[in-house]
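Note sheet for the following structure.
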Amino acid sequence: YNGYITLDRIIPYPCFDFSYGNWAYFNLSPGLNISGQLTDGWGSPISGVTVDFSNTRASVLTNASGQYSKAVSTNYTGTATPSLAGYSFSPSSRSYSGITSYQTNQNYTASQAVPADPSNHVATAIGYDKVQLNWTANSSNETGFLIEARLLPDLTWYYRNSVPTDATFYVDSGLMPMQTYDYRVTAFNGAGNSNPAYAPPVTTWAPPPPTGLFAPTVNFTDAWLQWTEAGSAFIWDIEYGPPGFTLGTGIYLPMMPNNPFNLQGLAQGTTYDWYVRSFYPSVNVSSAWAGPGTFTTQDTPTLPYPWFE
């Protein structure tokens, strides 16, 4: 275009200067357009993709149909690059050099990228059989996170659970007391797995001792001993002896599977102290002793002498 533009019928407006009412333009060229669509591998449109055009002032976004359109000047030279967190594109960019015609069907195919690696993974023991995991999720396209653990010194990783997208913590339960575990967490999606984030080794607490020792039934030579298991043990050690005896000097009954437990072979009319502790045979770990509990066996009743019938 070559010519002049003249303002006519100017209406004064405060703070504006309209003293120049005539502008000249020479050699203006009509603009061009670059357009296309972004889809995934199945041909479904992807909205919200930023397509950046170098040597221009603004980028464009794809609409709900995955389409974009960018106005550029004739003889445009530059590079168009699509981007969306969690995706890679084919081609990764398109280059233009001195274009003089509309560029249509400038399409891109998106594929989901492997999630970014999690970080800051920390494992904290919160019980004799529980560990809490915390991590930072650095991805926005994960389907979930895979939790794995190994019980040292075994170097085999075992599946513990999977948690959904955006999760940043997990409590792993059903563990063994006073054992050292390694943990790792991995982000995953349909494109694959991230690199795992490892937590420093963590050791679970000592198991709690039983509580509530009592002897509900006592006869002449036997007693039923009963207690409340405070952990998850199903095997117990019992030790009994005279009142005030020192642990390790009494009669020791290891790995008893019953609660209540029938203690037999006692002396009549005798007082006993007794202790019980939980035992975890798979890892050879015991709780602290609980007790003492105290009971007295029944004595043989005596009749007055002389007596008459």
- Indicate, with yes or no, if Met178 and Tyr181 share a hydrophobic cluster defined by side-chain heavy-atom contacts under 4.5 Å among Ile, Leu, Val, Met, Phe, Trp and Tyr. yes
- Gap between atom CG of Leu213 and atom OH of Tyr275 - 0.5 Å precision: 10.0 Å
- Task: Kindly indicate whether the side chain of Val72, heavy atoms from C-beta on, has any atom under 4.5 Å from the side chain of Ile99.
- Result: yes
- Examine the side chains of Asp273 and Tyr240 and answer whether a donor and an acceptor come within less than 3.5 Å of each other. no
- Task: Treating Ile, Leu, Val, Met, Phe, Trp and Tyr as nodes and any side-chain heavy-atom pair under 4.5 angstrom as an edge, say whether Trp274 and Met256 lie in one connected cluster.
- Result: yes
- Indicate if Val49 and Leu61 have the same hydrophobic cluster label, given that clusters are the connected sets of ILVMFWY residues with side-chain heavy-atom separations under 4.5 angstrom. no
- Query: Relative to Phe53, does Arg94 satisfy both conditions: NZ or CZ under 6.0 angstrom from the six-membered ring centre, and within 45 degrees of the ring's axis?
  - Reply: no
- Query: Any chain of hydrophobic side-chain contacts (each under 4.5 Å) joining Tyr76 to Tyr68?
  - Reply: yes
- Centroid-centroid under 6.0 Å between Tyr272 and Phe295 rings: yes
- Can you tell if the side chain of Asn75 reaches within under 4.5 Å of the side chain of Thr100, non-hydrogen atoms only? yes
- Message: Same cluster or not: Val122 versus Val202, using hydrophobic residues (I, L, V, M, F, W, Y) connected whenever any side-chain heavy atoms lie under 4.5 Å apart?
- Response: no
- Message: Are Trp135 and Phe145 an aromatic pair, judged by ring center distance below 6.0 Å?
- Response: yes
- Spacing of OH belonging to Tyr170 relative to CG belonging to Leu133, to within rounding of 0.5 Å: 8.0 Å
- Task: Please lay out, stage by stage, how Leu225 and Val276 fare under the test side chain to side chain contact (heavy atoms under 4.5 Å, CB included).
- Result: CA-CA 10 Å; Leu225 308 181; Val276 61; over 6 Å; no
- Message: I'd like to know if the side chain of Asp129 reaches the main chain of Met176, judged simply by a donor and an acceptor atom lying under 3.5 Å from each other, with no hydrogens or angles considered.
- Response: no
- Task: Check the pair Asn33, Thr104 against side chain to side chain contact (heavy atoms under 4.5 Å, CB included), reporting the backbone distance first and the verdict last.
- Result: CA-CA 8 Å; Asn33 205 62; Thr104 58; over 6 Å; no
- In terms of the angle between their ring planes, are Trp236 and Trp227 parallel, tilted or perpendicular, with boundaries placed at 30° and 60°? perpendicular
- Which pairs count as side chain to side chain donor-acceptor pair (under 3.5 Å) when at least one residue sits in residues 119-128, sequence neighbours excluded? Ser119-Asn138, Asn120-Thr136, Tyr128-Ser232
- Nearest 0.5 Å please: distance from the CD1 atom of Ile34 over to the OG1 atom of Thr56. 9.0 Å
- Message: So Ile238 and Phe261, do their side chains get closer than 4.5 Å, heavy atoms only?
- Response: yes
- Task: Check whether any side-chain heavy atom of Tyr280 sits under 4.5 Å from a side-chain heavy atom of Ile235, and report yes or no.
- Result: no
- Minimal heavy-atom distance between Arg150 and Leu155, with the atoms involved, is NH1-O, 3.4 Å
- Would you say the side chains of Glu142 and Thr165 form a donor-acceptor pair under 3.5 Å? yes
- Query: Between Thr297, Thr300, Asn219, which is the residue that forms a side chain to side chain donor-acceptor pair (under 3.5 Å) with Gln268?
  - Reply: Thr300
- Query: Can a donor-acceptor pair be found between the side chains of Glu229 and Ser278 at a distance below 3.5 Å?
  - Reply: yes
- Return the minimal non-hydrogen interatomic distance between Phe89 and Ala110, and the atom names on each side. CE2-CB, 3.5 Å
- Report the relative orientation of the aromatic rings in Tyr252 and Trp289; use parallel for angles under 30°, tilted for 30 to 60°, perpendicular for over 60°. perpendicular
- Query: Should Ser69 and Gln67 be marked as a side chain to side chain contact (heavy atoms under 4.5 Å, CB included) after you check the CA-CA gap, both sets of side-chain angles, and the distance that decides it?
  - Reply: CA-CA 7 Å; Ser69 179; Gln67 297 173 338; over 6 Å; no
- Pairs where residues 39-55 contributes a residue and the test side chain to side chain donor-acceptor pair (under 3.5 Å) is met, not counting sequence neighbours: none
- Straight-line distance of Glu239 CD to Leu253 CG, nearest 0.5 Å: 8.5 Å
- Task: Compute whether any side-chain donor of one residue and acceptor of the other, for Thr296 and Thr271, lie under 3.5 angstrom apart.
- Result: yes
- Begin with the C-alpha distance, continue with both residues' side-chain angles, and end with the deciding distance and a verdict on side chain to side chain contact (heavy atoms under 4.5 Å, CB included) for Leu266 and Gln264. CA-CA 6 Å; Leu266 304 172; Gln264 299 177 331; over 6 Å; no
- Item | 4.5 Å side-chain heavy-atom contact, Leu175 and Val131 | yes
- Test item: side-chain donor near acceptor, Asp172 and Asn161, under 3.5 Å: no
- Aromatic ring centroids of Phe234 and Phe279 under 6.0 Å? no
- What's the shortest heavy-atom distance between Ala113 and Asn141, and which atoms? O-ND2, 2.7 Å
- How far apart are the closest heavy atoms of Pro210 and Ala288, and which atoms are they? CD-O, 4.4 Å
- Query: Do you see a donor-acceptor pair shorter than 3.5 Å between the side chains of Ser111 and Ser88?
  - Reply: yes
